[in-house]
Amino acid sequence: PCGPRRRRGATRSGRDKVAPKQSPARNRAKRAAQRPAQTREAKPTVAKPQGKLGVMLVGLGAVATTFIAGVEHARRGTGRPIGSLAEMGTIRLGKRTDKRAPSIRKFVPLARLEDLVFTAWDPIPDDGYKSAKVAGVLDPHHIEPIADFLKTIVPLPAVFDQNYVKRLHGTNVKQGATKRELAEQLRQDMRDFKQRAKCDRLVVVWCASTEVFIAPGPAHKTLKAFEQAMDKNDPAIAPSMLYAWAALMEGVPFANGAPNLSVDTLALQELAKSKGVPICGKDFKTGQTMVKTVISPMLKARMLGLSGWYSTNILGNRDGEVLDDPESFKTKEESKLGVLEHILQPAMYPELYGKVFHKVRINYYPPRGDNKEGWDNIDIFGWLGYPMQIKINFLCRDSILAAPLVLDLVLFLDLARRAGMRGIQEWLSFYFKAPMHAPNVYPEHDIFIQLMKLKNTLRWMRGEDLITHLGLEYYD
């Protein structure tokens with residue numbers, strides 16, 4: 001770049017000759033041929049999203065009603081789906097100089113919001129309108145104009161056992177002699193809803209409360225053992241696992257928005273692969289943990305040390321009440337504590353992160369309702385070991401942050417199903433506190449790496465170059 005310029009009119013050398021201009025399609029094909037073999041996997045054939053997409057939610061509480069109401073307002077043009085990457089985001093294609101950045105919705109064939117049809121299971125018989133009012137997330141001007149629509153969403157009887165969620169009580173509950181019988185009733189619900197609502201496809205998302213902590217055991221290792229445990233009413237088989245099993249048996253994608261052991265068992269992963277069904281989880285990444293997956297990559301990127309991270313929350317909705325039970329809180333605690341260890345990699349950086357004191361607390365405080373408040377005190381150290389602090393006070397709305405995640409997961413899981421993708425969808429880690437992953441790799445928690453993985457998966461689906469951010473070609 002710093003050499004002498006060629007005089008105007010001077011003869012070009014052979015290597016300076018201008019190549020004939022090629023079409024963008026030919027350039028993309030040429031770049032694809034030059035890619036490393038591991039990035040040249042054939043793009044999948046993605047079926048078009050024809051017909052209606054049935055959305056079956058486990059739980060019709062704060063998250064579910066906020067999600068449903070928000071989608072209906074978006075369809076009517078009276079609200080925007082803010083927070084939804086699928087609806088609001090763009091995706092860069094090719095070089096920065098190409099200036100190609102379509103909206104994600106236009107880039108990949110997602111189901112239209114107008115084609116979504118909703119139902120839910122819940123042990124509490126309140127319809128969508130009453131449940132939304134009880135949840136107290138949305139103001140009346142977002143509930144009353146769509147009251148008639150919300151009233152049409154009447155929850156199906158749920159598979160519910162108070163041994164797994166001790167602070168909840170419900171009367172809208174299925175009865176069955178065995179857990180397999182209950183799961184078969186869920187399968188019938190899916191078939192009936194698909195026929196009744198004239199749906200072409202279904203997606204199931206767990207939006208219900210956190211179950212008590214269950215460690216993986218013999219009943220979860222193989223599909224045969226799992227189904228035998230259902231027949232024997234084994235306590236190791238929680239209701240959330242029955243929903244997951246039923247969905248997979250019906251060929252329906254399943255997402256787990258809570259931290260409890262569910263579709264992330266070896267048995268159900270085996271079933272998902274054999275049935276060709278995409279699955280993902282677990283635990284929606286919304287408030288305090290979302291902040292952790294932003295701040296901790298910053299510390300690691302700049303090689304700043306961490307002595308301790310103290311996190312506490314107050315929350316007053318149904319989720320807060322459930323987490324007031326120590327057994328349910330242990331499930332949530334396990335999910336929230338793993339984030340820092342996997343991002344900071346203390347075994348690799350023992351001087352910086354080998355002695356981190358990490359504490360998480362959640363306190364049930366009814367006056368706050370769904371408006372969760374989280375405090376973080378972060379003790380860090382820098383040059384020559386000098387200490388510093390970061391303090392964060394996040395006054396968030398839990399269900400307002402979770403609702404767009406549900407929408408994205410519905411749309412992207414349906415996309416994955418139509419693309420023939422099966423088993424764990426690690427590219428959807430972006431949405432979870434404890435993302436599912438292959439057994440031979442560690443989970444990726446860094447939100448920026450997760451976003452890159454998600455967008456690169458979409459690029460791969462459409463046969464576009466993956467973005468590495470190397471950028472040397474701009475300076476040749």
Side-chain angles (χ1 to χ4, degrees), residues 62-63 66 82-85 88-89 137 210 257-259 281-317 319-320 323 329 331-346 352-353 356-365 368-382 387-406 408-409 428-435 443-454:
V63 171
T66 303
I82 295 171
S84 166
L85 182 68
M88 306 290 291
V137 177
T210 300
K282 58 184 185 177
D283 202 2
F284 297 138
K285 181 159 66 176
T286 51
Q288 197 168 59
T289 306
M290 179 177 68
V291 171
K292 283 184 177 177
T293 62
V294 172
I295 298 295
S296 51
M298 175 194 75
L299 299 177
K300 184 182 174 185
R302 299 298 292 266
M303 288 289 107
L304 295 172
L306 178 66
S307 301
W309 196 313
Y310 180 81
S311 302
T312 189
N313 303 262
I314 55 173
L315 179 63
N317 61 13
D319 195 29
L323 293 175
F329 173 71
T331 307
K332 175 68 80 171
E333 185 180 36
E334 290 284 326
S335 172
K336 292 171 79 75
L337 284 174
V339 170
L340 291 185
E341 181 177 356
H342 285 109
I343 291 178
L344 298 177
Q345 297 175 296
L352 300 176
Y353 312 117
V356 175
F357 182 85
H358 187 198
K359 179 71 75 174
V360 176
R361 285 285 177 264
I362 299 176
N363 300 289
Y364 179 48
Y365 182 61
R368 190 53 59 95
D370 195 68
N371 297 341
K372 180 168 70 174
E373 184 165 3
W375 292 276
D376 287 272
N377 178 83
I378 310 163
D379 286 286
I380 67 175
F381 56 91
M388 297 172 276
Q389 285 190 335
I390 301 172
K391 296 184 186 295
I392 301 171
N393 182 201
F394 190 12
L395 288 83
C396 62
R397 296 173 182 260
D398 210 39
S399 298
I400 294 296
L401 292 171
L405 274 59
V406 180
D408 283 4
L409 289 167
L428 297 177
S429 296
F430 181 69
Y431 298 102
F432 298 106
K433 291 187 183 77
E444 187 54 73
H445 284 277
D446 183 323
I447 196 169
F448 304 107
I449 296 175
Q450 290 174 335
L451 180 60
M452 186 185 300
K453 182 188 289 285
L454 189 156

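Side chains included, hydrogens not; waters and symmetry mates left out as well; all remaining heavy atoms used.
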Item to complete: Before giving the answer on side chain to side chain contact (heavy atoms under 4.5 Å, CB included), spell out for V137 and I400 the whole-Å C-alpha distance, their side-chain angles and the decisive distance to 0.1 Å.
Response: CA-CA 8 Å; V137 177; I400 294 296; 3.9 Å; yes
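- Put simply, OH on Y365 and CG on N371 are 12.5 Å apart, with the number rounded to the nearest 0.5 Å.
- The two residues Q389 and I380 make their nearest non-hydrogen contact at N-CG1, 4.5 Å.
- Closest approach of L304 to Y353, counting heavy atoms only: O-OH, 2.7 Å.
- Sorted by first and then second residue, the pairs that involve residues 394-403 and meet salt bridge (Lys or Arg N to Asp or Glu O under 4.0 Å), not counting sequence neighbours, are K372-D398.
- The heavy-atom pair separating D446 from F448 by the smallest distance is OD1-N, 2.9 Å.
- In this structure, CD1 on I378 lies 12.0 Å from OG on S307, to the nearest 0.5 angstrom.
- Between K292 and P297 the shortest heavy-atom distance is O-CD, 3.8 Å.
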Discussion item. Between V406 and F284, does the side chain to side chain contact (heavy atoms under 4.5 Å, CB included) criterion hold? Intermediate values first, please.
Written reply: CA-CA 9 Å; V406 180; F284 297 138; 3.8 Å; yes
Practice prompt. Please step through side chain to side chain contact (heavy atoms under 4.5 Å, CB included) for the pair L352 and L344, ending with a clear verdict.
Written response: CA-CA 9 Å; L352 300 176; L344 298 177; over 6 Å; no
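- Note that CG of N363 is 8.0 Å distant from CG of N313, once rounded to the nearest 0.5 Å.
- Remark: I314 CD1 to W375 CH2 distance equals 4.0 Å, nearest 0.5 Å.
- Closest of all the heavy-atom pairs between Q450 and F430 is OE1-CA, 3.4 Å.
- Salt bridge status for K453 with E444: absent, with no side-chain N to carboxylate O gap under 4.0 Å.
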Discussion item. For a side chain to side chain contact (heavy atoms under 4.5 Å, CB included) check, start with the C-alpha distance between T66 and D370, then their side-chain angles and the critical distance, and finish with the verdict.
Written reply: CA-CA 11 Å; T66 303; D370 195 68; 5.9 Å; no
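- Remark: side-chain polar atoms of K282 are paired, donor with acceptor, to backbone N or O of P259 under 3.5 angstrom.
- Here the CG-SG distance, from L401 to C396, works out to 5.5 Å after rounding to the nearest 0.5 Å.
- With Y431 as the partner, the side chain to side chain donor-acceptor pair (under 3.5 Å) test is satisfied by one option alone out of D283, D408, T286: D408.
- The OG1 atom of T293 sits 12.5 Å away from atom CE of M298, with the distance rounded to the nearest 0.5 Å.
- For the side chain to side chain donor-acceptor pair (under 3.5 Å) criterion with S311, the lone passing option out of D376, T289, N377 is D376.
- Here the side chains of K285 and I447 are in contact, with some heavy-atom distance below 4.5 Å.
- The nearest pair of heavy atoms linking S429 to P435 is OG-CB, 3.3 Å.
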